[in-house]
Amino acid sequence: MRELRFAANWKMHIGPDEARAYLRAFRARYDRREDRDVWFFPPAVSLEAAAQAVRERLDLSVGAQDIYWEPKGAFTGAISAPLAAQAGAKATLIGHSERRHVFGESDEDTRKKTVAALAYRLAPVLCVGETLAEREAGHTVAVVKRQLTAALGSLDAARLAQITIAYEPVWAIGTGRNATPRDAASVHCEIRSWLTTRGAARARVLYGGSVSLKNIAELLAEPELDGVLVGGASLDPEGWAELVQIGGA
Ligand code: PGA
């Protein structure tokens with residue numbers, strides 16, 4: 001059975017009360033399906049409310065949008081893997097393009113965050129992807145492989161198998177301009193071969209960037225895609241409940 005993962009990145013939206021209301025509405029419209037799981041990435045202040053709201057549903061999980069690699073200390077404004085886990089997080093995004101390009105996160109930062117997440121049993125979702133200039137210069141595969149190697153190159157196969165990769169071309173995020181299913185699938189193949197040579201062929205590879213109800217079916221028609229990471233189209237619980245039921249056998 002093909003197993004799909006649908007991940008909602010709420011970015012800087014949806015406070016604790018709104019998260020409770022959202023997840024009530026979502027749960028009412030979406031019953032568990034064997035072939036998929038749904039992950040929510042709320043802002044840090046809403047982690048606990050969201051985790052509480054899904055605690056009876058094993059197919060629904062909550063994760064942090066970012067963590068800092070130190071477990072504790074004088075790091076004002078940051079949250080650590082153990083703090084996120086205490087609030088109910090089971091996963092964390094790492095190296096989202098907004099972290100890389102707005103906040104200046106480096107490849108080396110993504111490596112340290114991945115190691116910290118695994119140490120505290122948060123499932124890492126490593127985001128990789130090229131800018132428009134990199135794509136136009138023909139550097140897409142080189143950039144993606146550099147990001148993979150930097151963040152994950154030191155992990156053994158068992159730890160690598162616990163990673164979810166999200167391929168998100170930077171030019172497709174929040175722009176309404178998604179990669180064609182073929183473009184996405186060809187980069188997914190490169191990521192899969194990178195994983196396979198390291199003994200982790202079964203790690204999940206998601207696609208992200210302007211995924212919506214309009215394009216989800218054709219994207220998931222590509223067997224290379226194990227699911228999607230979605231920003232804008234995940235903010236409305238009814239639309240998201242509809243989107244997560246598309247695709248699969
Ligand atoms: P988008 O965001 O779906 O709004 O393009 C995706 C993401 O940033 O993860």
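The structure displayed is predicted, hence computed values, not measured ones. When a ligand or atom number is given, it counts from 1 through the structure's own listing order.
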Visitor: Measure N9 to ligand 1 on non-hydrogen atoms and call it side chain, backbone, both or neither using the 4.0 Å cut-off.
Guide: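 Contact part for N9 vs ligand 1: side chain (C-beta onward).
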Visitor: May I ask whether G208 places a heavy atom under 4.0 Å from ligand 1?
Guide: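 In this structure, G208 fails to qualify as a contact of ligand 1 - no heavy atom is under 4.0 Å.
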Visitor: Hey, is R2 close enough to D226 for a salt bridge, meaning N to O under 4.0 Å?
Guide: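 Not counted as a salt bridge, because no side-chain N and carboxylate O are separated by less than 4.0 Å.
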Visitor: Would you call G209 a ligand 1 contact, heavy-atom distance under 4.0 Å?
Guide: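 Yes.
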Visitor: Starting from atom 2 (O) of ligand 1, what is the nearest protein heavy atom, named by residue and atom, and what distance separates them?
Guide: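 Going atom by atom, the protein heavy atom closest to atom 2 (O) of ligand 1 ends up being K11 NZ, 3.2 Å.
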Visitor: For ligand 1, which atoms have a heavy atom of G232 less than 4.0 angstrom away?
Guide: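 Once the distances to G232 are compared, the set is 1 (P), 3 (O), 4 (O).
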Visitor: Does an N or O anywhere in T175 fall below 3.5 Å from an N or O of ligand 1?
Guide: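 T175 vs ligand 1: no N/O contact under 3.5 Å.
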Visitor: Tell me whether L229 has any N or O atom under 3.5 angstrom from an N or O of ligand 1.
Guide: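 Looking only at distances, the answer is no, because the N/O contact criterion of under 3.5 Å is not met.
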Visitor: Do the charged groups of R20 and D17 touch, with an N to O distance under 4.0 Å?
Guide: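 Looking at D17 together with R20, the answer is yes, because their closest N to O distance falls below 4.0 Å.
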Visitor: Would you say H96 and C127 make side-chain contact, with heavy atoms under 4.5 Å?
Guide: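 A side-chain contact exists here, since the closest heavy-atom pair is under 4.5 Å.
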Visitor: What are the atoms of ligand 1, with element, lying closer than 4.0 Å to any heavy atom of E168?
Guide: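 Selected atoms, number and element: 6 (C), 7 (C), 8 (O), 9 (O).
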Visitor: Applying salt bridge (charged side-chain N to carboxylate O under 4.0 Å, His left out), run through E56 and R27 and close with a yes or a no.
Guide: CA-CA 11 Å; E56 278 149 24; R27 285 195 331 256; over 6 Å; no
Visitor: Go through ligand 1 atom by atom and flag the ones less than 4.0 Å from a non-hydrogen atom of G174.
Guide: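 Answer, ordered by atom number: 1 (P), 4 (O), 5 (O).
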Visitor: As an exercise, identify every atom of ligand 1 less than 4.0 angstrom from a heavy atom of H96.
Guide: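 Under 4.0 Å from H96, ligand 1 has these atoms: 7 (C), 8 (O), 9 (O).
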Visitor: Tell me which protein heavy atom sits closest to atom 6 (C) of ligand 1, plus the residue, atom name and distance to 0.1 Å.
Guide: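 Nearest neighbour among protein heavy atoms for atom 6 (C) of ligand 1, to 0.1 Å: G231 N, 3.5 Å.
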Visitor: One pair to check against side chain to side chain contact (heavy atoms under 4.5 Å, CB included): V230 and I216. What are the steps and the verdict?
Guide: CA-CA 10 Å; V230 183; I216 181 76; 5.9 Å; no
Visitor: In terms of ring plane angle, is the pair Y207 and H188 parallel, tilted or perpendicular, where the classes change at 30° and 60°?
Guide: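 Rings of Y207 and H188: tilted, 30 to 60°.
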Visitor: Looking at side-chain heavy atoms only, is the closest gap between Y30 and R36 below 4.5 Å?
Guide: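 SC-SC contact between Y30 and R36 confirmed.
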Visitor: Tell me which one of R135, R192, E224 satisfies side-chain contact (heavy atoms from CB on, under 4.5 Å) with V187.
Guide: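 By the side-chain contact (heavy atoms from CB on, under 4.5 Å) criterion, V187 pairs with just one of R135, R192, E224: R135.
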Visitor: Does any N/O atom on I173 come nearer than 3.5 Å to any N/O atom on ligand 1?
Guide: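 Looking only at distances, the answer is no, because the N/O contact criterion of under 3.5 Å is not met.
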